[in-house]
Amino acid sequence: MSEHHFEFLVIGSGAAGLTSALTLSKKGRVLLVSKGAFGDGSSLYAQGGICVSREADEVQSHIEDTLAAGAEHNDRSAVSVMVESSAEAIDWLEHQGVRFDREPDGAYSQGLEAAHSRPRILHATDFTGRSIQVALVSQARRTPGVTIWDEATALDLIVRDGQCFGAYVLRGGIAHRCFADATVLATGGLGQVYRWTTNPAVSSGDGIALGMRAGAEVADLEFIQFHPTALRADSSPAFLISEAVRGAGAYIVNQSGQRFLFDVDPRGELAPRDIVARAIYDELPVSEVYIDCRHLGLTPLLKRFPNIYQGALDRGFNLATDLVPVTPAAHYSCGGLKVDLDGSTSIAGLFACGEVARTGVHGANRLASNSLLEAVVFARSLMKKPLPKTSRPVSTSCPEYCKATPERFAGLKRRLQHLMWEKVGIVRAEHELRAARAQIEDWSSGITGAGWINEDIAELRNMLLVSAAITQAALNRRVSLGSHFLVTSPRVDATYCGHVETQLAGADENVAFV
Ligand code: FAD
Ligand code: SIN
């Protein structure tokens, strides 16, 4: 096993990982490892934009909207820090080369999304995430103090006596022991544990699992945000139709053409995400649900949403002339590794930022376009206190690498995704959560202590652990709050989303894992 020593190890190359690597490179050498292609992750696909509030009244209303969306379950000091730092974060991004859209008079073009009381969302057309990632990736490549390893999977943290010393990283079939004075988990979200998600393949909850195996505290994992308007098609990740499209005036209608969201909330299409997602979920068994942009006109659509227009067209729908079928899909994890305001987890030497971290900013339900902001703000303010001097452990061990994944594990990931969608999804019931927990425990027992590892098994092991943790957190919270919604008896809908594949979930009960 080869050994590497850096001052900082950053795991993940989304907005959080890149921002922290660039910031920390001022203090020491950084190794930046990333599971997929360099710069891949949810950040790259962000559409709507990033919030900013500069004047005192804007700051105040942004704080209030964030708390209201989060069902007041938020950590108020974290919310204030994020909102009060938003202007600085935007200035920093612009300094890195990000360009946000502006009006002809030079003022920022500011978008509106659900649960925002005023337009405050900066964007670069409808692919804000791509603009941010292109700029940050190029800065990281130009920064001599940052060493980049892509296609490199962090398997486990190196932890002794409550202190983190780095991580084991699998790259090119070789496990590397990467030591660092401080390790930053910036591994993003966990949407991949659900059958329908907007999240890319790399979002499998790895950082939460790595942290949990090392004994780090987690919080709020029951609060999974489901985006209401993913394009309803056979593939997952599902293509997102940004909330900004509803912010620009699009309607949600059923097959009778009725704007049924007003029956559940006076804000209609711009009610908070959890409300809209549940209303669509409830409507789907009786009717198709569509986003209707036809009245917005081709030219404005092309100007403001060129990529969404093209993405829908590639999937057979013309936003200017067609109703586009939509479905909710797992989108964002409000919970994660519990951190304080300088990103410290409960393990010395281990930090977290971005979606993997639970700063307390989002409470029980995230306000749209607050997550890129959270990622940048808190990645820039990591490690305010000096790091204590520690001596590295001499002997550490990592499981053997095993190239081929044994046949008995085939299909388990898909079964887990179905289980989570059906039993730990948008609407939850205690007996379903208990059944899911038992099934996940059963599946997990076959994978622990295997003594060998590869990328697929590492991911599966993480997904099982994170799924178990979400399920347990959902069981622990006995009343509905924000995106955690309990009923006594949810409908069982084997044909949900109209995909025959969903039937797999029922057939799974008899499939032995080992
Ligand atoms: P990510 O950008 O997901 O990056 C995670 C990184 O970790 C990746 O590089 C991945 O390869 C790496 N990684 C994961 N596991 C490992 C491992 N084991 N070893 C090594 N590397 C690993 N938020 C907004 O604020 N505004 C928006 O408009 C918006 N739109 C969105 C649209 C979509 C389609 C999606 C999916 C999300 C959107 N969000 C939006 C949410 C937001 O994009 C994410 O919360 C945010 O980008 C997360 O950034 P991150 O850096 O924490 O994670
Ligand atoms: C969207 O553009 O609808 C996503 C925004 C977000 O998730 O914050």
Side-chain angles (χ1 to χ4, degrees), residues 9-20 32-51 69 111 113-116 121-124 126-130 132-133 136-137 149-157 167-171 178 184-192 197-210 225 227-230 237-247 273 305 308 311 329-334 336 352-357 362 366-376 378-379 455 458-459 462:
L9 169 63
V10 176
I11 303 173
S13 63
L18 288 163
T19 302
S20 53
L32 177 51
V33 306
S34 174
K35 180 156 96 168
F38 189 54
D40 197 9
S42 292
S43 304
L44 186 64
Y45 302 96
Q47 296 180 345
I50 178 166
C51 294
E113 292 183 41
H116 286 270
I121 300 162
L122 304 191
H123 50 86
D126 54 351
F127 254 145
T128 312
R130 185 187 289 170
I132 292 176
Q133 287 298 98
L136 298 185
V137 160
W149 286 7
D150 56 3
E151 312 291 341
T153 301
L155 295 174
D156 261 317
L157 299 167
Y168 301 105
V169 177
L170 199 55
R171 191 186 189 213
C178 300
V184 179
L185 286 168
T187 51
L190 49 71
Q192 282 291 325
T197 181
T198 60
N199 290 189
V202 290
S203 306
S204 47
D206 292 11
I208 294 177
L210 265 69
Q225 181 172 72
H227 198 292
T229 53
F239 182 71
L240 187 71
I241 312 273
S242 172
E243 203 158 80
V245 179
R246 274 176 284 136
R273 268 184 199 175
F305 304 112
I308 297 174
H331 184 63
Y332 186 81
S333 169
C334 299
C353 57
E355 193 169 336
V356 69
H362 306 303
R366 177 177 64 100
L367 183 70
S369 291
N370 259 350
S371 48
L372 285 171
L373 179 62
E374 180 200 34
V376 175
F378 291 101
E455 287 83 353
E459 191 172 274
N462 293 338

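Whatever order the structure lists them in is the order used to number ligands and atoms, beginning at 1.
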| said: Give me the residue, atom name and distance of the protein heavy atom closest to atom 12 (C) of ligand 1. | reply: Gly12 CA, 3.6 Å
| request: Please report the C-alpha distance between Ile308 and Phe239 in whole Å, then the side-chain angles of each, then the deciding distance to 0.1 Å, and finally whether the side-chain contact (heavy atoms from CB on, under 4.5 Å) criterion is met. | output: CA-CA 9 Å; Ile308 297 174; Phe239 182 71; 4.3 Å; yes
| query | If you measure from CD1 on Ile121 to CD1 on Ile50, what distance do you get to the nearest 0.5 Å? | reply | 10.5 Å
| Going by the order shown, which atoms of ligand 1 are within less than 4.0 Å of some heavy atom of Ile11? | 19 (N), 20 (C), 21 (N)
| query | Does the N or O separation between Ala154 and ligand 1 drop below 3.5 Å for any pair? | reply | yes
| query | Who's the nearest protein heavy-atom neighbour of atom 29 (C) of ligand 1, and how far? | reply | Ala46 CB, 3.4 Å
| Of the backbone atoms (N, CA, C, O) and the side-chain heavy atoms from C-beta on, which set of Ile50 has a member under 4.0 Å from an atom of ligand 1: side chain, backbone, both, or neither? | neither
| message | Which residue and atom name correspond to the protein heavy atom nearest atom 53 (O) of ligand 1, and how close is it? | response | Gly188 CA, 3.2 Å
| query | Considering Ser371, Gly49, Ala15, which one's heavy-atom position lies nearest to atom 26 (N) of ligand 1? | reply | Gly49
| With no hydrogens and no angle check, is any side-chain donor or acceptor of Gln133 less than 3.5 Å from a backbone partner on Leu44? | no
| request: Determine yes or no for a side-chain-to-main-chain donor-acceptor pair under 3.5 angstrom, with Thr197 supplying the side chain and Ala330 the backbone. | output: yes
| task | Flag Gly48 as yes when one of its N or O atoms lies below 3.5 Å from any N or O atom of ligand 1, and as no otherwise. | result | yes
| message | For atom 6 (C) of ligand 1, tell me which residue out of Ala186, Ala368, Gly336, Gly41 has the closest non-hydrogen atom. | response | Ala186
| note | Note: Asp206, heavy atoms under 4.0 Å from ligand 1, region reported as side chain
| Does Arg366 approach ligand 1 within less than 4.0 angstrom via side chain, backbone, both or neither, non-hydrogen atoms only? | side chain
| query | Is there any N or O on Ser42 that sits under 3.5 Å from an N or O of ligand 1? | reply | yes
| query | Between the side chains of Ser369 and Glu113, does any donor sit under 3.5 Å from an acceptor? | reply | yes
| query | Under 3.5 Å, is there a donor-acceptor pair between the side chain of Ser20 and the main chain of Gly17? | reply | yes
| Are the side chain of Thr128 and the backbone of Gln47 linked by a donor-acceptor contact shorter than 3.5 Å? | yes
| said: Any nitrogen or oxygen of Lys35 lying under 3.5 Å from a nitrogen or oxygen in ligand 1? Just yes or no. | reply: yes
| task | Check Asp40 against ligand 1 and report side chain, backbone, both or neither, counting heavy atoms closer than 4.0 Å. | result | backbone
| query | With side chains defined as the heavy atoms from C-beta onward, is the minimum distance between Ile132 and Ser43 less than 4.5 Å? | reply | no
| query | Does Ala152 reach ligand 1, in the sense of a heavy atom lying below 4.0 Å from it? | reply | yes
| request: Find out whether Tyr45 and Pro237 are in side-chain contact, i.e. whether some heavy atom of one side chain is under 4.5 Å from a heavy atom of the other. | output: no
| field | Every residue of the protein that comes under 4.0 Å of ligand 2, judged on heavy atoms | value | Gln47, Gly48, Glu113, His227, Leu240, Ser242, Glu243, Arg273, His331, Arg366, Ala368, Ser369
| said: Could you tell me if the side chain of Glu459 sits less than 4.5 Å from the side chain of Lys35, heavy atoms only? | reply: yes
| field | Side chains of Leu373 and Cys51 in contact at under 4.5 Å (non-hydrogen atoms) | value | yes
| query | Which is closest to atom 49 (O) of ligand 1 in terms of heavy atoms, Gly354, Gly189, Ser43? | reply | Ser43
| Can you check whether Phe38 reaches Leu32 side chain to side chain, under 4.5 Å on heavy atoms? | yes
| field | Per-atom contacts, ligand 1 versus Gly36 - under 4.0 Å to a heavy atom | value | 11 (O)
| So, is Ser203 polar-close to ligand 1, with some N/O to N/O distance under 3.5 Å? | no
| task | Take Arg171 and Val33 through the side-chain contact (heavy atoms from CB on, under 4.5 Å) test and state the conclusion after the steps. | result | CA-CA 10 Å; Arg171 191 186 189 213; Val33 306; over 6 Å; no
| said: At under 4.0 Å between heavy atoms, is it the side chain or the backbone of Thr198 that contacts ligand 1, or both, or neither? | reply: both
| Closest approach of Asn462 and Ala209, non-hydrogen atoms and distance? | OD1-CB, 3.3 Å
| Geometric N/O contact Thr153 with ligand 1, under 3.5 angstrom | no
| note | For Asn370, the atoms of ligand 1 under 4.0 Å from one of its heavy atoms are 25 (O)
| said: Within ligand 1, which atoms have a heavy atom of Ala16 less than 4.0 Å away? | reply: 51 (O), 52 (O)
| Nitrogen or oxygen atoms of Glu355 and ligand 1 under 3.5 Å apart | yes
| query | Salt bridge between Glu374 and Arg366, side-chain N to carboxylate O under 4.0 Å? | reply | no
| Quick one: does His331 get a heavy atom under 4.0 Å from ligand 1? | yes
| In Å, rounded to the nearest 0.5 Å, how long is the span from CD of Glu243 to NE2 of His227? | 5.0 Å
| said: When you compare ligand 1 with Pro200, is there at least one nitrogen or oxygen pair between them that comes in under 3.5 angstrom? | reply: no
| task | Could you list the atoms of ligand 1 found under 4.0 angstrom from a heavy atom of Tyr332? | result | 45 (O)
| task | Kindly compute the distance separating CD (Glu355) from CD (Gln225), expressed to the nearest 0.5 Å. | result | 9.0 Å
| remark: When distances are taken from atom 25 (O) of ligand 1, the protein heavy atom at minimum range is Leu372 N, 2.8 Å
| Are the side chains of Leu185 and Leu157 in touch, meaning some heavy atoms are under 4.5 Å apart? | yes
| query | Rounded to the nearest 0.5 Å, how far apart are CZ of Arg273 and CZ of Arg246? | reply | 7.5 Å
| note | the protein heavy atom lying closest to atom 14 (C) of ligand 1 turns out to be Thr187 O, 3.4 Å
| Thr229 side chain to Ile241 backbone, donor-acceptor under 3.5 Å | yes
| request: Ignoring angles and geometry beyond distance, decide whether Val356 reaches within less than 3.5 Å of ligand 1 through its nitrogen or oxygen atoms. | output: no
